[in-house]
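These figures come from a predicted structure and were not determined experimentally. One is the number of the first residue; the rest follow in order along the sequence.
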Amino acid sequence: SPNMVLIGVITLMTMITVNIFVKGQLKLYAALVGMLVGYILAFILGEISSAQINQLTQSQLFAIPYIRNMSWAFDFSLIIPFTVAMICSTLKTVGDLVTCQKINNANWKRPDMKNIGKGIFADGIGGLLPGLIGGYGQSTSSSNIGLSLATGITSRVVAFAAGGFLIILAFLPKVAFVFLMMPRPVMGASLIFAVSFMIIAGIQIITSRMLDARKIFVVGVSFIFGLSVDIIPGVYNNVHPWIKPIFASSLSLSMITAIILNFLLRLGIAKKQSIDLKVERETNHKLIHFMDANGKSWGALQEVIQKSKNALCEFNEALLLTGLKGENVHYEAIFDELNINVEITYRGEPMAKAKVRPEDWLKAEDKDFTFFAMTLINNMTDKMTVHQKEGLTTYRLHFVH
């Protein structure tokens, strides 16, 4: 209805305006300010019914919570749907926790799986305990993470305060009902406000990795199938009841699709790739293509692949300076998700580093530019080692991924 649209638009625009243009502490409460405006507007336009107002006035200010339906049952037919729902919920939690890690660490590179494991364990407890007493299972909230992004507040102190507030609400039915009677356009505006930040955070995590055709299909096809649940209602009505939970929401379908596609399309990707090239100027372009192609198939971080390309090109320049032009060099790149190692093997002596400080080298009249090249390579890598055996020299360039 026009009233609903008006309430939703004004609520959302209030949140955006406070978040962008207002300075100081008020900016932190952009969502609350917008919700307050939405409530007032909904009341003025009659979108909060008299029945809701009567229920609010008649509800008790203080009451002791009581537990209903304290009984247990087990239905074997629910094992598969429950397992599917559990996997979807767990993976959603993984995504939420990865986003939390990223927004709390400016130097974030990869998920901390130990930390994520603890988060999933806590999430499991939040689902188990309410189930034992007939309550609703609790899980991480993607929209609230988006709200953290919007306000810039990620302190766990806020989490403790919010948890305490929710506990208090259990004893204050009148206050709790204020949130339960939230008008739908206010709720919708709040979700759009928070999810806008969540979408961008997800895109940033996806694009932090290099994408080849395989990765593009995993992301693209999963998005399309997920959206089909909402775009074409009822399209999956005839699927078997056991797997129906997969098609119950866009989240579960896109997630399961991504898992299956990722597993299938990763087949044939080798974690170790090698190439033999001659020491020539043109070799730089071949090395760049070699690392780009492998980085995309591995889904490696762009910045790490860029560092490796720079180091390899500089190494080829150093070999040219030593007079090995035209000689064959063996390059082998190894990836294990946490590290990228590139081993370079050629016939000849190691390129010795001059035992001088860079500032002394700059002052010297007879400069050994090999020293300069090796110094650059050493600075580009996280670790560089060299060993020689039977006339072959092997350099190992290590990059933390």
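Residues S142 and V195 form no side-chain contact, since every pair of their non-hydrogen atoms from C-beta on lies 4.5 Å or further apart. In this structure the side chain of K92 reaches within 4.5 angstrom of the side chain of S139, judged on heavy atoms. Proximity of K174 to Q60: side-chain heavy atoms (C-beta onward) are nowhere separated by under 4.5 Å. The shortest side-chain heavy-atom distance between W108 and I103 does not fall under the 4.5 Å cut-off. Between V329 and L319, the closest side-chain pair of non-hydrogen atoms falls below 4.5 Å. Proximity of R184 to I7: side-chain heavy atoms (C-beta onward) are nowhere separated by under 4.5 Å. Looking at heavy atoms from C-beta onward, D123 lies out of side-chain contact with T90 at the 4.5 angstrom threshold. When side chains are defined from C-beta on, I340 counts as touching I305, because their heavy atoms get closer than 4.5 Å.
Few gaps surround NZ on K271; more than 12 heavy atoms of other groups in view lie less than 6.0 Å from it. Summarising the local packing, CG of N237 is surrounded by more than 12 heavy atoms from other residues, nucleotides or ligands at distances under 6.0 Å. Within a 6.0 Å radius of CZ in F74, other residues, nucleotides and ligands contribute more than 12 heavy atoms. Environment of CZ in F62: crowded, with over 12 heavy atoms of neighbouring residues, nucleotides or ligands closer than 6.0 Å.
No donor-acceptor distance shorter than 3.5 angstrom exists from the side chain of N316 to the backbone of L312, with no hydrogens or angles considered. The closest donor-acceptor contact from the side chain of N105 to the backbone of Q101 lies at 3.5 Å or more, if one exists at all. Distance alone, capped at 3.5 Å, is enough to place a donor-acceptor pair between the D336 side chain and the N339 backbone. Between the side chain of T283 and the main chain of K278, a donor-acceptor pair closer than 3.5 Å is present. Using modelled atom types, no side-chain atom of W298 and backbone atom of F335 make a donor-acceptor pair closer than 3.5 Å. Remark: the backbone N or O of P185 is not paired with any side-chain donor or acceptor of E47 at under 3.5 angstrom. Checked by atom type and distance alone, the side chain of Q138 pairs as donor or acceptor with a backbone atom of Y136 at under 3.5 Å. The closest donor-acceptor contact from the side chain of Q52 to the backbone of S49 lies under 3.5 Å. Remark: the backbone N or O of F225 is paired with a side-chain donor or acceptor of S228 at under 3.5 angstrom. Counting only distance, with no hydrogens or angles, the side chain of T381 and the backbone of I377 share a donor-acceptor pair below 3.5 Å.
Atom CD1 of I145 and atom SG of C100 lie 3.5 Å apart (nearest 0.5 Å). A distance of 12.5 Å separates CD1 in I40 from CE in M35, rounded to the nearest 0.5 Å. Of the inter-residue distances, the one linking T57 atom OG1 with I53 atom CD1 reads 8.5 Å to the nearest 0.5 angstrom. The distance from the CD1 atom of I216 to the NZ atom of K296 is 8.0 Å, given to the nearest 0.5 Å. Separation of atoms CG (D276) and CD (E332) is listed at 10.0 Å; rounding is to 0.5 Å. Taken from CZ in F263 to CG in L261, the straight-line distance is 12.0 Å, to the nearest 0.5 Å.
Contact record, L149 with A201: CD1-CB, 3.6 Å, taken as the closest heavy-atom pair. Smallest separation of non-hydrogen atoms from N19 and K27: O-CE, 2.7 Å. Minimum heavy-atom separation, D382 to V400: OD2-N, 2.6 Å. Listed here is the closest heavy atom pair of I288 and C313: CG1-SG, 3.8 Å. Of all non-hydrogen atoms in T14 and G34, the two that sit nearest each other are CG2-CA, 3.9 Å. The two residues P130 and I125 have their closest heavy-atom pair at CD-O, 4.0 Å.
The ring pair (Phe, Tyr, Trp, His ring centres under 6.0 Å) test applied to F82 returns no partner, not counting sequence neighbours.
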Ring pair (Phe, Tyr, Trp, His ring centres under 6.0 Å), that's the test. Do Y331 and F290 meet it? Break it down for me. CA-CA 10 Å; Y331 297 88; F290 174 70; 7.5 Å; no
Practice problem: Go through the steps for Q306 and N310 under the test side chain to side chain donor-acceptor pair (under 3.5 Å), then give the verdict. | Solution: CA-CA 6 Å; Q306 186 60 50; N310 293 340; 3.2 Å; yes
When you look at M15 and I192, which way does the side chain to side chain contact (heavy atoms under 4.5 Å, CB included) test go after all the steps? CA-CA 10 Å; M15 294 177 179; I192 292 173; over 6 Å; no
- Stepwise, does the side chain to side chain contact (heavy atoms under 4.5 Å, CB included) test hold for Y39 with I44? CA-CA 9 Å; Y39 268 94; I44 294 173; over 6 Å; no
* Please report the C-alpha distance between V229 and Y236 in whole Å, then the side-chain angles of each, then the deciding distance to 0.1 Å, and finally whether the side chain to side chain contact (heavy atoms under 4.5 Å, CB included) criterion is met. => CA-CA 8 Å; V229 174; Y236 301 112; 4.0 Å; yes
request  = Go through the steps for T345 and T394 under the test side chain to side chain donor-acceptor pair (under 3.5 Å), then give the verdict.
outcome  = CA-CA 4 Å; T345 304; T394 300; 3.1 Å; yes
- request: Go through the steps to decide whether I153 and S148 satisfy the test side chain to side chain contact (heavy atoms under 4.5 Å, CB included), and finish with yes or no.
  value: CA-CA 5 Å; I153 301 175; S148 294; 5.9 Å; no
Is there a side chain to side chain donor-acceptor pair (under 3.5 Å) between S1 and N3 once you walk through the steps? CA-CA 5 Å; S1 68; N3 284 351; 5.5 Å; no
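Evaluated for a side chain to side chain donor-acceptor pair (under 3.5 Å) with N284, the options E314, K309, E317, H289 yield exactly one hit, E317. None of N294, D292, V304 except one satisfies the side chain to side chain contact (heavy atoms under 4.5 Å, CB included) rule with M210; the exception is D292.
In this structure, a donor-acceptor pair under 3.5 Å is present between the side chains of S250 and D230. Side-chain atoms of S252 and S249 include a donor-acceptor pair closer than 3.5 Å.
Using the six-membered ring where Trp is involved, Y395 and F315 have ring planes that are perpendicular, over 60° apart on the 30 and 60° scheme.
Checked against a 6.0 Å centroid threshold, the rings of F179 and F177 do not count as neighbours.
Taking the charged nitrogens against the carboxylate oxygens, E337 and R209 do have a contact shorter than 4.0 Å, which makes a salt bridge.
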